[in-house]
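The structure under discussion appears below in the form of structure tokens.
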2 protein chains.
Amino acid sequence: METETAATPGVDRMRGGALGEDLSFLLARANAVSVASANAALAPFELRVRSYAVLAVVAEDARPSQRDLSEFLRLDPSQVVALVDDLQSRGLVAREQDPRDRRARVIVVTSAGRALFGRAREATANAERALHGALSTREREQLSGMLHRLAFGA
Amino acid sequence: METETAATPGVDRMRGGALGEDLSFLLARANAVSVASANAALAPFELRVRSYAVLAVVAEDARPSQRDLSEFLRLDPSQVVALVDDLQSRGLVAREQDPRDRRARVIVVTSAGRALFGRAREATANAERALHGALSTREREQLSGMLHRLAFGA
DNA sequence: TATTGTTATACTCTATAACTATA
DNA sequence: TATAGTTATAGAGTATAACAATA
């Protein structure tokens, strides 16, 4: 048994390989770490990253249609239905009729939703600090800008 | 009907909101774009990002155990079984006995696997260029370094 | 007693197609 | 004819637990 002295030698070797510099792979692995951490932080609130994201948008009074949420969160419209159904059944958001388009539903936050979001936001912020603490403030700004371009196109 | 003149006004509004600067959210969205693009590029080879990653590691003769792959790719050991089963049934990789540990299987690439990887790598590289083209070479290096730290810890 | 690979199972996420009511 | 929301379904990804062989 030798995995005790030299910790994960096989993995360290692979980190120096071709994938270790592949932006797509690093993006995927960093995201997997991030999602796992965020979901753990959100578990006490019975939220996950996707439902948290919906709550975050409506909590700042963006008054999005489900179609807006679908595009912004990059989810299929049918997934938005399920997410809003869940949040609405828990009294955290509500569907309002858009007076300008009777097909569209405007999603708004309730006071309970706003309160839960406030607590959830604090929990995720703490979890993120632990993860991104290795980066300086300036680095975080640079990273944010570059990811924004990749996420939404040039 | 007004969604023609001003393209996606709702989404643009949300991009300036709180989530638009949230590193975890940007990471998730950028990764979703990246994965979709890579999977499309890999489809002609009947590969997906996960099976491509396995192939990439073994194609550089890292000779990993399934446990090594599990840790490096952040997959459950049972998922590695399924991925290797698939690649092995297609003659792209093989399981070898580790002479130093009869429990472990060393995963090696076959000549067919190496050939397929070469073509798949070209296809994904082209797709990535289209996505990351907005970033300068220097920015890509910075991004790679920061993501590496997030992906593998400080 | 701990670890490698394996099987099994359940849950979450993703992707597609079709339907309704409106525009 | 096209779009917003909805329903249904299947496939991919994630997470957990248990087991046999070996260390």
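Chain letters run A, B, ... following the sequence lines, proteins first and then strands; every chain starts at 1. If you're wondering where the values come from, they're calculated on a predicted model, not measured in any experiment.
Of the listed nucleotides (D:dA4, C:dG5, C:dC13), C:dG5 has the atom at the smallest distance from the side chain of B:Ala104. Of all nucleotides listed (D:dA15, C:dT4, D:dA8), D:dA15 comes nearest to the side chain of B:Ser78. Of the candidates C:dT14, D:dT14, C:dT6, C:dT6 carries the atom nearest the B:Arg105 side chain, counting heavy atoms from C-beta on. Looking at the side chain of B:Leu75, the nearest of the listed nucleotides D:dT14, D:dG5, C:dC13 is D:dT14. In this structure, of C:dA23, D:dG13, D:dT22, it is D:dT22 that holds the atom nearest to the side chain of B:Arg103.
Following rounding to the nearest Å, B:Tyr52 (OH) and D:dA12 (P) show an atom-to-atom distance of 20 Å. As a whole-Å value, the separation of B:Asn31 CG from C:dC13 P is 14 Å. What separates CD of A:Glu46 from P of C:dC11 is a distance of 15 Å, to the nearest Å. Taking atom CD of A:Glu96 as the reference point, atom C1' of D:dA4 lies 17 Å away to the nearest angstrom. If you measure from atom CD of B:Gln79 to atom P of D:dA15, you get 8 Å, rounded to the nearest angstrom. Computed from coordinates, the A:Arg74 CZ to C:dT14 P distance equals 10 Å when rounded to whole Å. A straight line from CG of B:Leu47 to P of D:dG13 spans 12 Å, rounded to a whole angstrom. Rounded to whole Å, atom P of D:dA12 lies 17 Å from atom CG of A:Asp76.
Among the atoms of the strands shown, none is found under 4.0 Å from any heavy atom of A:Asp98. Across all strands, B:Arg95 comes closer than 4.0 Å only to sugar-phosphate atoms, never to a base (heavy-atom distances). If you check every strand for non-hydrogen atoms under 4.0 Å, B:Ser65 touches sugar and phosphate atoms only.
In this model, the phosphate group of C:dT6 is approached by a side-chain N or O of B:Gln66 to a distance below 4.0 Å at OP1 or OP2. At least one side-chain nitrogen or oxygen of B:Arg50 sits closer than 4.0 Å to the OP1 or OP2 atom of D:dG13. Distances shorter than 4.0 Å separate none of the side-chain N or O atoms of B:Arg67 from OP1 or OP2 on C:dT3.
Residues A:Asp85 and A:Asn39 each lie close to DNA chain D; by heavy-atom proximity, the contact nearer the 5' end of the strand is made by A:Asp85. If you find the closest nucleotide of DNA chain C to B:Arg48 and to B:Val81, the one lying nearer the 5' end belongs to B:Val81.
Classified by interplanar angle (parallel below 30°, tilted 30° to 60°, perpendicular above 60°), the ring pair B:Phe72/B:Phe152 is parallel.
No more than 12 heavy atoms of other residues, nucleotides or ligands lie within 6.0 Å of CZ in A:Arg121, so this atom counts as exposed by the packing criterion.
Remark: the backbone N or O of B:Ala38 is not paired with any side-chain donor or acceptor of B:Thr124 at under 3.5 angstrom.
A salt bridge links B:Arg114 with B:Asp61: at least one charged nitrogen is closer than 4.0 Å to a carboxylate oxygen. Using a cutoff of 4.0 Å between basic side-chain nitrogens and carboxylate oxygens, B:Asp86 and B:Arg90 are scored as salt-bridged.
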Under the side chain to side chain donor-acceptor pair (under 3.5 Å) rule, what do A:Ser34 and A:Asn31 come out as? Steps first, then yes or no, please.
-> CA-CA 5 Å; A:Ser34 168; A:Asn31 180 57; 5.0 Å; no
